[in-house]
Number of protein chains: 2
Amino acid sequence: MSDLREKIIQTSLELFDRHGFHGVTVKQIVQQTNTSKGGFYHHFQSKDELLFVIHDTFITYVLKEAQAANVTHSSPIPKVQAIIQSFVQVFDLYKPHISVFYQESLYLKPAYEEEIKGKRDEFKRMVFNVIDEGQKSGHFRKELPLEITGMAILGMVNWIYKWYRRDGTYTIDQIAEVFTDLVLHFLLPGKEDSEYFRHMLKVPFFYESE
Amino acid sequence: MSDLREKIIQTSLELFDRHGFHGVTVKQIVQQTNTSKGGFYHHFQSKDELLFVIHDTFITYVLKEAQAANVTHSSPIPKVQAIIQSFVQVFDLYKPHISVFYQESLYLKPAYEEEIKGKRDEFKRMVFNVIDEGQKSGHFRKELPLEITGMAILGMVNWIYKWYRRDGTYTIDQIAEVFTDLVLHFLLPGKEDSEYFRHMLKVPFFYESE
DNA sequence: TAAAACAGACCAACCAGTCGGTCTTTATTT
DNA sequence: AAATAAAGACCGACTGGTTGGTCTGTTTTA
């Protein structure tokens, strides 16, 4: 057993993160890893398979974490907390994977793309489910349209890959805390709407008017 | 004066949106536009310049809108509303531009990249400013860390390009309404925290404890 | 000693960009 | 108004460099 395969993946991750999938040649990967074309193609069928492997390790991990969070908690509120927390933390563990995931997925070959899409949809479904449960059980504001709210949450978290730095002002755990706070503040039914409405020009379309 | 230039941009937008910048050749652009290499290179110095033009038209527009919203309102709450609304609406007007903007900016040549970065930072600065003003004037929750909150807002909005479809369930205006609602719900100081804290395992790090 | 792991020269395909030339529009002169 | 000149718009065969991938062989491991 050799660890060349892992070394190739790590090198590629760095390079892809900085220059993008198409900005890096197999030759560069091979040189930076101190190996050869032969070494590379012994472990990977193609450059495209390497791209797939990177996608797959990340999404598989995220999916597993979400499932775990789903199982260990039963009430929607701790569920949301757990999912957001583990999801945010992933960006510290897998930052380069994620950059590649969101920047280069367009270039996955159809067969690979399908497999990734399946897992990604599964994850999305789980997040939406938790919100839905919470709305039905009365823990969360019922007036919020599920799809828009769900995508808002996914968006704010996913975007982390664009700005997060390990040496930044805040740790990943602090970011997770703030994000959880933000999400719960708009999910939980809160203060009397009257105060909120004072600032509104009109009642939003999705508020039940009776 | 000819309109070939515009036609080339439109075709490129479609193709880039579907296959990415590197998934489309100049030959393809030229064929789809019913022109020739000569026609293309008469209007653009290079493929990279085309990429820049696409980036620039979008970010310039967004910046102008934000500045307008900033000028027409003075209080932070309507300002936030106006900025979010115009920002979200952009995704209907410039969807293909934005896809290219967020997927391919890595491949901008240094000189181009710098110019775009300047405008993008300027926009970000404006958004952060509005939040900051609101916090200082007491309209918004002071405990929220500016950077994290700001990036959360930018993230949820920016992510729209990944999922928005014109023929989707909700119009862009409805999405803007919901997003504004979400943002204001976590920005505005609300109900007594006690109810919220009941659900928390601990007091978040960013709440002043005295 | 056989199979797996790796080396590196080589190739065919592709692609951004060029260049000499043509057609079309506009400006200038007669 | 006609003739001429000049500039702008557009054409498409061609090229030089690059790139993913192959193939034959050598070394290492089990």
Side-chain angles (χ1 to χ4, degrees), chain A residues 1-56 96 100 103-113 116, chain B residues 1-56 96 100 103-113 116:
Chain A
M1 267 288 289
S2 102
D3 54 339
L4 178 61
R5 188 185 154 95
E6 256 322 299
K7 258 180 72 187
I8 291 175
I9 293 178
Q10 288 309 318
T11 311
S12 306
L13 240 18
E14 274 175 47
L15 292 173
F16 290 163
D17 194 19
R18 280 217 301 278
H19 307 112
F21 183 69
H22 291 279
V24 176
T25 70
V26 175
K27 197 176 168 187
Q28 285 175 295
I29 295 173
V30 152
Q31 282 174 347
Q32 189 99 2
T33 317
N34 264 352
T35 180
S36 62
K37 283 288 188 80
F40 182 95
Y41 283 97
H42 179 74
H43 290 287
F44 300 97
Q45 284 191 16
S46 62
K47 198 187 173 193
D48 298 285
E49 194 198 324
L50 170 60
L51 185 61
F52 165 74
V53 169
I54 292 173
H55 273 72
D56 197 57
V100 173
Q103 300 244 1
E104 316 290 350
S105 64
L106 211 62
Y107 299 111
L108 281 174
K109 288 280 180 298
Y112 294 135
E113 208 256 328
I116 297 297
Chain B
M1 268 286 288
S2 103
D3 53 340
L4 178 61
R5 189 185 154 95
E6 259 319 302
K7 259 179 73 187
I8 290 176
I9 294 176
Q10 288 309 318
T11 310
S12 305
L13 241 16
E14 275 174 47
L15 292 174
F16 290 162
D17 194 19
R18 280 217 301 279
H19 307 111
F21 182 69
H22 290 280
V24 177
T25 69
V26 174
K27 198 177 169 187
Q28 284 175 295
I29 295 173
V30 151
Q31 283 174 346
Q32 189 99 0
T33 318
N34 265 352
T35 180
S36 62
K37 283 286 186 82
F40 182 95
Y41 283 97
H42 179 73
H43 289 287
F44 300 96
Q45 283 191 17
S46 62
K47 199 186 171 192
D48 298 287
E49 193 198 326
L50 170 60
L51 185 62
F52 165 74
V53 169
I54 292 173
H55 273 71
D56 196 56
V100 173
Q103 300 246 357
E104 318 289 353
S105 64
L106 210 61
Y107 299 112
L108 280 175
K109 289 279 181 296
Y112 294 136
E113 208 256 328
I116 297 297

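Lettering of chains follows the sequences in order, A, B, ..., and the numbering in each one begins at 1. In what follows, every heavy atom counts, from backbone to side chain, and hydrogens, waters and symmetry copies are set aside. Just so it is clear, the model here is predicted, and its values are computed rather than measured.
Near DNA chain D, meaning a heavy atom under 4.0 Å away, there are no residues from residues 103-112 of chain B.
Between His42(B) atom NE2 and dG12(D) atom P there is a gap of 16 Å when expressed in whole angstrom units. Whole-Å rounding puts the Glu6(B) CD to dC10(D) P distance at 13 Å. The interatomic distance linking Ile8(A) (CD1) with dA5(C) (C1') rounds to 11 Å, in whole Å. Taking atom CG on Leu15(A) and atom P on dG20(D), their separation rounds to 12 Å, with Å as the unit. For Asp3(A) and dA5(C), the CG to C1' distance is 12 Å, given to the nearest whole Å. Rounded to a whole Å, the CD atom of Glu49(A) is 10 Å from the P atom of dG21(D). Between Phe44(B) atom CZ and dA9(D) atom P there is a gap of 13 Å when expressed in whole angstrom units. Rounded to an integer number of Å, the gap from Leu51(A) CG to dG21(D) P is 11 Å.
Residues Arg5(A) and Val53(A) are in side-chain contact: their nearest non-hydrogen atoms beyond the backbone lie under 4.5 Å apart. Ile54(B) has its side chain out of reach of Phe21(B): every pair of non-hydrogen atoms, C-beta onward, lies at least 4.5 Å apart. The closest side-chain heavy-atom distance from Leu50(A) to Ile29(A) is below 4.5 Å.
Phosphate contact (OP1/OP2 of dA7(C), side-chain N/O of Ser36(A), threshold under 4.0 Å): present. Checking the phosphate oxygens (OP1, OP2) of dC10(D), a side-chain nitrogen or oxygen of His43(B) falls inside 4.0 Å.
The main-chain N or O of Asp3(B) is never found under 3.5 Å from a side-chain atom of Glu6(B) such that the two would form a donor-acceptor pair.
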Quick test: give all pairs of protein nitrogen or oxygen and nucleotides 14-17 of chain C nitrogen or oxygen below 3.5 Å, distance rounded to 0.1 Å.
residue, atom, partner, partner atom, Å
dA16(C), OP1, Lys47(B), NZ, 3.1
dA16(C), OP2, Val26(B), N, 2.9
dA16(C), N7, Lys37(B), NZ, 3.4
dG17(C), OP2, Tyr41(B), OH, 3.1
dG17(C), OP2, Lys47(B), N, 2.8
dG17(C), N7, Lys37(B), NZ, 2.9
dG17(C), O6, Lys37(B), NZ, 2.5

For nucleotides 25-28 of chain D, print each protein N/O atom paired with a nucleotide N/O atom at under 3.5 Å, atom names and distance only.
none

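With sequence neighbours left out, Phe44(B) forms a ring pair (Phe, Tyr, Trp, His ring centres under 6.0 Å) with Phe40(B). The side chain to side chain donor-acceptor pair (under 3.5 Å) test applied to Thr35(A) returns no partner, not counting sequence neighbours.
The minimum heavy-atom distance linking Ile116(B) with Leu108(B) is given by the pair CG1-CD1, 3.8 Å. A pairwise comparison of heavy atoms in Leu15(B) and Val24(B) identifies O-CG2, 3.5 Å as the closest pair.
Applying the salt bridge (Lys or Arg N to Asp or Glu O under 4.0 Å) test to every pair with at least one member in residues 43-52 of chain B, sequence neighbours left out, gives these pairs: Asp48(B)-Lys109(B).
Taking the six-membered ring for Trp, Tyr112(A) and His55(A) have ring centres at least 6.0 Å apart.
Distance CD1/Ile8(A) to CD/Gln32(A): 12.5 Å, rounded to 0.5 Å.
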